[in-house]
**Q** 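There's a structure below that I have some questions on.
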Amino acid sequence: MRMPSAGSMRIAVRNDLSIPTTNSTKQVSDMAQQNEIKLSEKDGVTIMEIQGDITVFSEPFLKEAYQSANDLNAVNVMLVFDSSAYINSGGIAILIQLLAEARKRKQQVGITGLSEHFKKIFNMVGITRFARIYQTLEEGLNGLSPP
Amino acid sequence: MSSKQEGTAEAKGESMQMDHTLRMLDERTLEVNLPNIIGYERIAMDCSASFARIIGFTKDRIEDLKTAVSEACLNAMEHGNKGRTDARVMLMMTFDDNSFNITISDEGEGIVELPEDPDIEKKIEQLQTPRGLGIFLIKKLVDHVEFNKDEGQGHVLRMVLRMTY
């Protein structure tokens with residue numbers, strides 16, 4: 001089953017102090033982070049457009065969006081980042097968890113929208129061995145679309 | 001020159017030290033004193049980036065610096081100070097002879113043993129925690145890094161980035 005091509009789904013859950021980290025370090029409430037993730041489908045590829053920074057506090061947003069994509073039988077997944085986003089090691093760890101889950105499901109994952117710096121970081125960490133980076137969304141859709 | 005910002009939020013049942021201070025000790029030295037709160041590492045990132053921009057670092061090198069500073073602060077907050085909201089993270093940034101020197105101090109015991117470099121295959125196979133990338137990134141992005149126990153004052157990470165043209 002494919003997701004409907006018309007329309008999209010937006011996921012935005014307010015994050016707050018109740019989100020735990022590994023050792024209870026806190027984030028102040030007025031700096032609470034949220035990601036807005038827009039889900040859509042095109043040419044058999046589920047597109048996750050992620051607004052905002054990618055840190056450990058992104059976990060509930062990314063997990064919920066990815067779960068929603070799988071509930072709608074996503075085949076392959078394209079992650080579209082905000083090129084001005086701040087991404088740290090905590091956020092990369094969340095992406096690694098998503099890639100691990102995608103591998104179990106035999107999904108291909110593509111990435112686009114990254115700044116040159118974070119393309120370098122993703123390459124350093126090895127993420128590019130499990131998710132190809134595309135220059136544009138169109139290029140990614142061509143690469144990930146089922147034959 | 002110095003500036004001080006104070007916040008008002010208070011965690012339930014804990015005294016949160018919300019203020020942060022920036023002090024220009026001389027024209028080549030900047031001190032940043034942060035509360036132990038994740039998110040405040042961005043203040044250190046922005047300060048280091050502004051300082052490096054004035055000095056003449058390239059855009060690419062400034063991005064490396066920002067990530068290294070961010071990861072060092074996060075390590076200090078999470079692993080050094082163990083999330084204690086009454087603890088502090090102190091940075092000293094100095095420019096000298098084409099090098100940008102930064103020390104990041106926390107109140108912890110320091111690193112007993114440096115973690116092995118991450119193995120992405122094992123992480124994807126869930127045989128290794130997906131975390132543990134911070135020190136690896138610092139080592140890859142800076143020209144020199146060292147981890148020192150500061151007698152009586154906690155742990156100090158020192159890193160050096162050389163200017164590229």
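Just the heavy atoms: all of them, side chains too, but no hydrogens, waters or symmetry mates, feed the values below.
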**Q** Is it possible for you to say whether A:Leu141 and A:Val109 belong to one hydrophobic cluster, with membership spreading through side-chain heavy-atom contacts below 4.5 Å?
**A**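 No, separate clusters.
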**Q** Mind checking the CG-CD spacing from B:Asp60 to A:Glu116? Nearest 0.5 Å is all I need.
**A**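 B:Asp60 atom CG to A:Glu116 atom CD measures 8.5 Å (nearest 0.5 Å).
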**Q** If I compare all heavy atoms of B:Pro130 with all of A:Ala93, which pair ends up nearest, and what's the gap?
**A**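 Looking at all heavy atoms of both residues, the shortest contact is O-CB, 3.4 Å.
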**Q** For atom CZ of A:Arg132, decide whether the heavy atoms of other residues, nucleotides or ligands shown that lie under 6.0 angstrom number more than 12.
**A**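 Atom CZ in A:Arg132 is not packed in, count stays at 12 or less.
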**Q** Taking a hydrophobic cluster as the set of Ile, Leu, Val, Met, Phe, Trp and Tyr residues connected by side-chain heavy atoms closer than 4.5 Å, whether directly or through intermediates, do A:Phe81 and A:Leu39 fall within one such cluster?
**A**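 Yes, one cluster joins them.
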**Q** Using the rule that two of Ile, Leu, Val, Met, Phe, Trp, Tyr join whenever any of their side-chain heavy atoms come within less than 4.5 Å, decide whether A:Leu137 and A:Ile50 are in one cluster.
**A**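 No: no chain of side-chain contacts under 4.5 Å links A:Leu137 to A:Ile50.
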**Q** Would you say A:Phe130 and A:Val80 are hydrophobically clustered, going by side-chain heavy atoms of ILVMFWY under 4.5 Å?
**A**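 Different hydrophobic clusters.
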**Q** What residue in B:Glu63, B:Gln126, B:Lys140 has the most heavy-atom pairs under 4.5 Å with chain A?
**A**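 Ranked by heavy-atom pairs under 4.5 Å with chain A, first place is B:Glu63.
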**Q** Between A:Ile96 and B:Leu133, is any pair of side-chain heavy atoms under 4.5 Å apart?
**A**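 The answer is yes, as the side chains (C-beta and beyond) meet within the 4.5 Å cut-off.
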**Q** Heavy-atom distance under 4.5 Å between the side chains of B:Glu125 and A:Arg103, does that happen here?
**A**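 Yes; the side chains approach each other to less than 4.5 Å.
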**Q** Does atom CG of B:Asp26 have more than 12 heavy-atom neighbours, drawn from other residues, nucleotides or ligands, at distances under 6.0 Å?
**A**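 For B:Asp26, atom CG is crowded (more than 12 foreign heavy atoms under 6.0 Å).
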**Q** Just wondering, do A:Lys120 and B:Asp64 contact through their side chains at under 4.5 Å, heavy atoms?
**A**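 The answer is yes, as the side chains (C-beta and beyond) meet within the 4.5 Å cut-off.
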**Q** Side-chain contact test, heavy atoms from C-beta onward, threshold under 4.5 Å: evaluate it for A:Asn88 versus B:Leu137 and give yes or no.
**A**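 Counting from C-beta outward, A:Asn88 and B:Leu137 never come under 4.5 Å.
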**Q** Ignoring hydrogens, what is the shortest heavy-atom contact between B:Phe136 and A:Val125? Give both atom names and the distance.
**A**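 Taking B:Phe136 first and A:Val125 second, the nearest heavy atoms are CE2-CA, 4.2 Å.
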**Q** Distance-only, no hydrogens or angles: does the B:Glu71 side chain make a donor-acceptor pair with backbone N or O of A:Ser89 under 3.5 Å?
**A**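 Checked: pair present.
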**Q** Let me have the donor-acceptor pairs involving side chains of residues 116-124 of chain B, under 3.5 Å, with sequence neighbours excluded, atom names and distances please.
**A**
{"unit_1": "B:Asp117", "atom_1": "OD1", "unit_2": "B:Lys139", "atom_2": "NZ", "d": "3.3"}
{"unit_1": "B:Asp119", "atom_1": "OD1", "unit_2": "B:Glu121", "atom_2": "N", "d": "3.0"}
{"unit_1": "B:Asp119", "atom_1": "OD1", "unit_2": "B:Lys122", "atom_2": "N", "d": "3.2"}
{"unit_1": "B:Glu121", "atom_1": "OE2", "unit_2": "A:Arg129", "atom_2": "NH2", "d": "2.9"}
{"unit_1": "B:Lys123", "atom_1": "NZ", "unit_2": "B:Gln128", "atom_2": "OE1", "d": "3.3"}
{"unit_1": "B:Lys123", "atom_1": "NZ", "unit_2": "B:Thr129", "atom_2": "O", "d": "2.5"}
{"unit_1": "B:Lys123", "atom_1": "NZ", "unit_2": "B:Arg131", "atom_2": "O", "d": "2.7"}

